[in-house]
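Shown next, in structure tokens, is the structure this report addresses.
Protein chains get the first letters and strands the later ones, always in sequence-line order, with residue 1 at the start of each.
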Amino acid sequence: MLLKTEALTKNFGGLTALNKVNFEIEEGEIVAIIGPNGAGKSTFFNLISGFYPSCSGRISFMGKDMTGTPTHEFACSGIGRTFQTTNLFTDSTVLDNLIIGYRSKTKMGMLDAIFNTKRARRDEGASREKAGEILEFIGLTEVKNQPVGNISQEAAKRLAIGLALVTEPRLLLLDEPAAGINHGETSELVKLIEKIQHSGITVCLIEHKMQMVMNLAHRIMVLNYGTKIAEGTPREINKNDRVIEAYLGGTKHA
Amino acid sequence: MDLLIQQVVNGFTLGSIYCLVALGLTLIYGIMEVPNFAHGHLYMVGGYVTFFMMTLYGINYWVSGLIAGIVLAVLGILLERIVFNPMRNSPSTNKFIAAVGAMMFIEAVARVLWGSDFRSIPAIYDNVVMIGGVRLTEQRLIIIAGAVILMVALYLFLKHTLIGSTIEAMAQNRDGASLVGIDVNRVAMLTFAVASLLASAAASLSGPIFLVYPSMGALIIMKVFVIIVIGGMGSIPGAVLGSFILGMTESLGATYISSNYKDVIAFAILVLILSIKPSGLFAKGGH
Amino acid sequence: MDLIKKMYKTKYIAYLAVFALAIAFPYISPNRYYLTVVTLGFIYAIAVYGLNLIVGYLGQLSLAQAGFFGLGAYTSGLLSLKLGLSFWLSLPIAAVATTTVALLVGLISFRTRGHYFVILTLCIGVIIHLVIEKWDSLTGGVRGLIGVPIPSSIGPIEFKSLESQYYLVLAFLILTIFVMSRIVSSLVGRTFKSIRNSEELAATLGINVMKSKLLAFGIAAFFTGIAGALFSSYIRFLGPEIAATHLTFEFLLFLLIGGQATIAGPLVGTLLASGITESLQFMQEYRMVVFGALLIVIVKFFPGGLVGATKSLKAKLEKRVNQRKKSGTNLPSKGESHAAKNRGFN
């Protein structure tokens with residue numbers, strides 16, 4: 001098992017955004033997290049990527065307890081992520097974004113920089129090489145020297161995925177990757193995600209586009225009001241009463 | 001014991017002055033998210049206007065203070081229009097630097113116009129009164145009473161007038177205010193006017209005791225920043241509380257710890273607080 | 001490709017010319033007064049390079065810089081005055097001491113964000129200033145320290161003359177510029193810039209933001225400390241006002257005039273501003289009136305300073321030239337970039 005959460009909980013003020021969620025992600029699969037707006041999906045992502053500290057519960061990744069470790073440690077351990085609102089270094093080019101993305105894998109420090117040591121040159125070279133590799137992978141080689149402000153929204157989304165990939169993750173978290181892109185682009189995106197999975201990276205995504213989720217995911221977790229209400233294969237989720245109820249607005253309770 | 005009471009009263013006096021300046025600063029911060037570095041310098045200009053009204057034109061102390069308040073309100077609006085309004089969408093670092101520029105400018109103009117000498121607003125209320133064995137000059141009582149009256153007035157203004165409650169609503173929650181279609185420009189100008197008026201009043205009240213000089217703004221602005229950080233930036237009750245805490249600590253610290261290092265106390269408190277709680281003592285929200 | 005080569009060549013020649021000018025300056029300077037002004041300008045410039053690393057590249061407005069400058073100056077000055085240490089020992093000690101204090105300050109202040117950080121560093125600067133001013137028995141209080149010795153001679157090289165001190169300061173300035181340009185053009189510098197752009201994103205990419213911030217803060221303080229030590233042995237008198245926030249604001253002004261996050265900016269800004277200051281000597285009092293207003297204008301209209309403005313002007317010109325070339329071959333640049341974008345999607 002790659003990632004495991006036990007009774008993961010997060011409160012904001014008096015509000016419980018996520019309530020005792022147990023979940024496991026297996027190596028090599030594509031899992032999706034779905035649920036109505038405000039169900040706690042993004043909160044769950046923010047916790048398992050170390051972006052927020054959790055209030056209680058445990059997170060372990062590849063058998064290592066990650067609870068309470070700082071954000072950058074999550075990335076270094078192999079959890080890469082994208083954000084719902086495409087998050088890029090807006091003041092640099094496509095290539096430069098990816099180069100800095102590889103920084104955590106390089107070792108050079110201040111003295112290497114000042115004396116331009118072998119290690120500095122090697123790290124610099126490795127970063128460029130890796131960035132080039134990812135550019136090829138996400139299909140943005142053509143625009144590599146463009147400032148990120150000049151590329152289209154769809155290309156920016158690809159770049160955000162590339163930025164997560166350049167950190168060489170074992171687990172990639174994608175927060176609504178298909179939001180705001182059209183039908184044709186979505187099928188391109190599905191291909192990219194499958195390509196990522198084939199390259200040996202486990203993928204976990206939050207998505208509202210149901211058709212895409214049903215086609216892509218091996219397993220789905222459903223959140224509602226911060227609690228897990230269902231988990232299973234797309235087929236099982238499709239038939240699950242609690243899920244249908246949650247999506248239809250819980251009329252049976254009222 | 002008498003010394004202690006004496007120092008407590010002094011602490012209140014100091015706290016009252018801080019409070020009037022801090023309230024304006026925190027209001028401006030709440031409305032515009034600008035740390036208005038020049039606010040202390042408006043206080044300084046208020047002191048000078050009062051001084052010159054009295055000495056050059058022989059105008060009565062209270063009327064001079066009122067004129068200074070009006071002049072400063074206009075200056076505050078100008079500052080908002082010329083410096084801060086054009087920078088509304090700039091990064092916060094740039095706003096900060098612009099405020100520093102405004103501060104340098106105002107102080108330099110004051111030096112050019114009025115020189116670097118210390119001046120004292122003529123004291124007309126320097127009789128000593130005895131209250132329960134404590135010797136007080138009337139001016140100190142006037143400072144405390146004046147500050148209380150102005151605070152109550154501000155409270156009434158914020159709670160019971162439409163524009164005032166708009167300001168308060170905006171200070172608490174900017175996004176909400178812009179949703180209901182408030183004229184942001186008008187609120188911003190009015191906030192600067194009110195804040196500058198309060199600062200000017202603080203200077204008019206304290207001038208007879210604490211003197212008037214061009215760099216008086218630089219010291220008070222830093223202390224007032226300490227206060228609003230302690231009280232939570234943008235919080236009105238926090239500013240009041242913080243002012244009296246600082247005034248009291250300084251007054252007692254100067255007597256019982258070291259008068260030489262009394263000015264360090266404020267800054268040391270801030271460093272201590274932010275070392276323990278990096279988001280401030282009364283930070284809103286949080287996880 | 002040719003164009004790039006040519007650009008590098010002109011750049012190289014320009015650097016050489018500036019270097020030659022700096023070397024020849026004591027001989028071509030019309031009077032010795034200019035030499036003292038430029039030497040002091042160089043010392044300030046070293047400190048401004050430190051500020052540039054934090055404000056320009058790391059994007060954190062730290063206002064404790066004059067405090068660190070004063071710390072370096074007083075450490076070096078006291079060591080040579082009271083313990084009789086040679087300048088060559090007191091300078092590195094001052095630099096290391098300043099760095100140590102800065103790292104402690106950084107540990108506290110980098111836990112805060114935004115305006116809290118600015119106000120906290122400002123207060124720390126004020127504390128350093130006040131302690132220097134009030135610690136009479138050690139620092140001489142407001143009277144200051146008089147008669148800090150000049151750097152002792154190394155073998156046959158003496159530092160008695162103005163020219164030799166000029167060259168000494170110039171050597172440190174070149175060292176500073178060299179180190180800074182190596183750092184900012186490396187992955188380390190890219191790390192700083194990524195933090196300036198988005199701390200959150202940098203952290204999610206596995207960058208230890210706190211460590212990077214401390215590194216930048218430490219490097220900056222190291223050079224600010226050196227600048228302070230050079231100041232103490234050059235001016236030979238230290239007063240507490242060299243640690244006052246006023247000086248921080250002046251450094252900030254120098255940086256903004258020249259251009260933050262550029263390598264030439266700090267030097268250009270400092271020399272220009274100290275030049276203006278000196279030529280405005282007769283109207284000393286109006287100086288800050290001009291500078292205060294200038295600061296607002298720069299930050300509003302030219303946030304990149306002189307160097308930044310020149311760069312963007314050059315970029316605009318190049319773009320126009322390129323466009324003209326392309327329209328000559330009937331390939332509008334806009335269409336091409338659009339095509340490139342589309343290709344990116346497939």
Side-chain angles (χ1 to χ4, degrees), chain B residues 29 33-35 37-38 82-84 86-87 90-113 115-116 215 218-219 221-223 225-226 228-229 233 258 260-264 266-280 283, chain C residues 55-56 59-61 63 104-105 107-131 133-136 141 196 244-246 248-250 252-253 255-256 260 283-301 303:
Chain B
Y29 186 83
E33 300 239 320
V34 186
F37 237 101
I82 297 171
V83 180
F84 293 111
M87 306 240 7
S90 305
S92 84
T93 306
N94 292 11
K95 284 188 208 165
F96 220 124
I97 294 170
V100 168
M103 183 194 89
M104 286 162 106
F105 179 79
I106 297 173
E107 182 168 337
V109 169
R111 274 185 209 281
V112 169
L113 292 179
S116 299
S215 59
L219 188 62
I221 189 64
M222 285 193 260
K223 290 193 177 168
F225 264 122
V226 171
I228 72 166
V229 169
M233 289 173 88
S258 157
N260 205 9
Y261 285 96
K262 75 171 167 41
D263 284 333
V264 181
F267 307 113
I269 291 177
L270 179 98
V271 173
L272 196 71
I273 286 176
L274 288 183
S275 316
I276 300 164
K277 283 206 68 179
S279 48
Chain C
V55 176
Q60 310 288 317
L61 185 58
L63 296 182
L104 289 175
V105 168
L107 270 178
I108 297 171
S109 48
F110 282 129
R111 294 174 64 218
T112 64
R113 294 272 182 92
H115 294 138
Y116 285 96
F117 175 80
V118 184
I119 293 165
L120 182 57
T121 51
L122 178 73
C123 286
I124 288 167
V126 175
I127 290 177
I128 296 174
H129 172 216
L130 286 175
V131 168
E133 188 183 286
K134 306 290 180 191
W135 198 345
D136 220 79
R196 173 186 72 195
T245 44
H246 220 78
T248 302
F249 295 150
E250 284 202 29
L252 198 59
L253 180 77
L255 177 60
L256 284 162
Q260 50 174 324
M283 40 187 268
Q284 185 65 25
E285 297 210 296
Y286 290 91
R287 188 172 71 102
M288 295 318 280
V289 178
V290 176
F291 280 174
L294 196 60
L295 203 52
I296 300 171
V297 172
I298 290 175
V299 88
K300 173 68 193 154
F301 298 104

I need the residue from R113(C), M288(C), K134(C) with the largest number of non-hydrogen atom pairs under 4.5 Å to chain B.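 If we count pairs closer than 4.5 Å to chain B, K134(C) comes out on top.
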
Picking from F249(C), W135(C), F117(C), F291(C), which has the most non-hydrogen pairs under 4.5 angstrom with chain B? F249(C)

Whether K300(C) side chain and P86(B) backbone form a donor-acceptor pair below 3.5 Å: yes

With sequence neighbours left out, write down each residue that passes side-chain contact (heavy atoms from CB on, under 4.5 Å) with V289(C), or none if nothing qualifies. F105(B), A108(B), V109(B), V112(B)

Considering residues at least two apart in sequence or located in another chain, which fulfil the side-chain contact (heavy atoms from CB on, under 4.5 Å) criterion with P278(B)? R111(C), T112(C)

Taking the side chain as every heavy atom from C-beta outward, state whether I108(C) and L274(B) have any atom pair closer than 4.5 Å. no

In the structure I gave you, are the side-chain heavy atoms of E107(B) and S215(B) within less than 4.5 Å of one another anywhere? yes

If I measure from the heavy atoms of chain B, does [X] come under 4.5 Å with its side chain, its backbone, both, or neither?
{"X": "L294(C)", "value": "neither"}
{"X": "S109(C)", "value": "neither"}
{"X": "L252(C)", "value": "side chain"}

Given a strict heavy-atom distance threshold of 4.5 Å, which part of I106(B) is in contact with chain C: side chain, backbone, both, or neither?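 It is neither, since no heavy atom gets under 4.5 Å.
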
Any idea which heavy atoms bring C123(C) and L270(B) closest together, and the distance?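 So the two residues come closest at SG-CD2, 3.4 Å.
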
Largest heavy-atom contact set with chain C, pairs under 4.5 Å, which of I97(B), V264(B), I276(B), V83(B): I97(B)

